[in-house]
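First comes the structure, then the notes that go with it.
Values reported hereafter were calculated over all heavy atoms of this structure, with side chains retained and with hydrogens, waters and symmetry mates removed.
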Amino acid sequence: MRIDIITLFPEIALSPLSESIIKRAREKDLVEIHAHNLRNWATGKHRKTDEYLCGGGQGMLLKPEPIFAAIEELRTNTSQVILMTPQGKPFKQATAQNLARADHLILLCGHYEGVDQRVIDTLVDLEISIGDYVLTNGAIAAAVVTDAIVRLLPGALGDERSHQDESFSDPNMLEAPAYTKPNLFRDMPVPEVLLSGNHKKIAEWKKQKALERTRANRPDLLKE
Ligand code: ADE
């Protein structure tokens, strides 16, 4: 798989993808990740990438010309072009699983008020939002999306089971609380059932606790 990130801040996108699991996935050639500065495709003395909004309004918008030039240069027959934007579809684990099967992703990062609509209408296959908040730039979102995809590539996680469990588990339920040693820390014991060796009881306890946690933290998931 290859991922190209187009942004005004390639270092912001790349730095979280240069450590730990994603770093090793790149070293093992499971994925090739490139971050490009949009300014490389801007023309004129000042290599301007942004412009005022037509019709007025606060802020600046990324101009279409450098974006068209960048994508026309980078895309192939198998590329999917994805725009990072708070106006996009919510990014879910299922989105990551779908995109992990792609051959080539081009992640286009918005900045300021976003990108010219003609880019979306003619170049973009999918608009993605990583959450209902506004970041200073899409490079942070691109790093998040890339991380979630690359860790799903076969061979990326040392212990293959670590995400097999995840993908079989219920996407509408959070995970149960988890404990490790020591069995007693300060005045806080590990719940007795987890030390009982009774796998049926442990499974029931986990299910119950997962439900309680989901009800408290993500009641929206239970409605889905
Ligand atoms: N750019 C700015 N905010 C964003 C968000 N929430 N998701 C994706 N891209 C963004």
**Report entry** Backbone of Ala143 reached by a side-chain donor or acceptor of Thr146 within 3.5 Å
**Finding:** no
**Report entry** Rounded distance (nearest 0.5 Å) linking atom CG of Leu107 with atom NE2 of His34
**Finding:** 12.5 Å
Query raised in the report: For Lys28, does the NZ atom sit with more than 12 other heavy atoms under 6.0 Å from it, leaving out its own atoms?
Result: yes
Query raised in the report: What distance separates Leu123 CG from Ile71 CD1, expressed to the nearest 0.5 Å?
Result: 4.5 Å
Query raised in the report: For Lys89, does the NZ atom have more than 12 heavy-atom neighbours from other residues, nucleotides or ligands under 6.0 Å away?
Result: no
Query raised in the report: Using a distance-only test with no angle check, is there a side-chain donor-acceptor pair under 3.5 angstrom linking His36 and Asp4?
Result: yes
Requested in this report: Output yes when a side-chain donor or acceptor of Asp50 lies under 3.5 Å from a complementary backbone atom of Leu62, and no otherwise.
Outcome: no
**Report entry** Heavy-atom closest contact (Leu8 atom, Arg39 atom, distance)
**Finding:** CD2-NH2, 3.8 Å
**Report entry** Side-chain donor or acceptor of Thr122 paired with backbone N/O of Arg118 under 3.5 Å
**Finding:** yes
Query raised in the report: Hey, is CD on Glu72 packed in by over 12 heavy atoms from elsewhere, all under 6.0 Å?
Result: yes
**Report entry** From Leu211 atom CG to Leu222 atom CG, the distance as rounded to the nearest 0.5 Å
**Finding:** 6.0 Å
**Report entry** Side-chain (Arg151) to main-chain (Leu157) donor-acceptor, under 3.5 angstrom
**Finding:** no
Requested in this report: Please determine if Glu204 and Lys201 form a salt bridge, counting it only when a charged side-chain N lies under 4.0 Å from a carboxylate O.
Outcome: no
Query raised in the report: When you look at Ser15 and Ser18, which way does the side-chain hydrogen bond (donor to acceptor under 3.5 Å, both in side chains) test go after all the steps?
Result: CA-CA 5 Å; Ser15 91; Ser18 306; over 6 Å; no
Requested in this report: May I ask you to decide if Leu174's main-chain N or O and Arg213's side chain share a donor-acceptor pair within less than 3.5 Å?
Outcome: no
**Report entry** Reported NZ-to-CD1 distance for the pair Lys92 and Ile130, which is rounded to 0.5 angstrom
**Finding:** 14.0 Å
Requested in this report: Please round to the nearest 0.5 Å and tell me the distance separating atom NE2 of His111 and atom CE of Met60.
Outcome: 10.0 Å
Query - Heavy-atom neighbours of Glu11 CD exceed 12 at 6.0 Å - result: no
Query raised in the report: To the nearest 0.5 Å, what is the distance between CD1 (Ile106) and CG (Leu83)?
Result: 12.5 Å
Report task. Say whether, by atom type as modelled, one donor and one acceptor occur between the side chain of Arg47 and the main chain of Ala42 under 3.5 angstrom. Result -> yes
Requested in this report: Please test Arg2 against Ile33 for side chain to side chain contact (heavy atoms under 4.5 Å, CB included), starting from the C-alpha separation and ending with a verdict.
Outcome: CA-CA 6 Å; Arg2 176 176 165 131; Ile33 301 173; over 6 Å; no
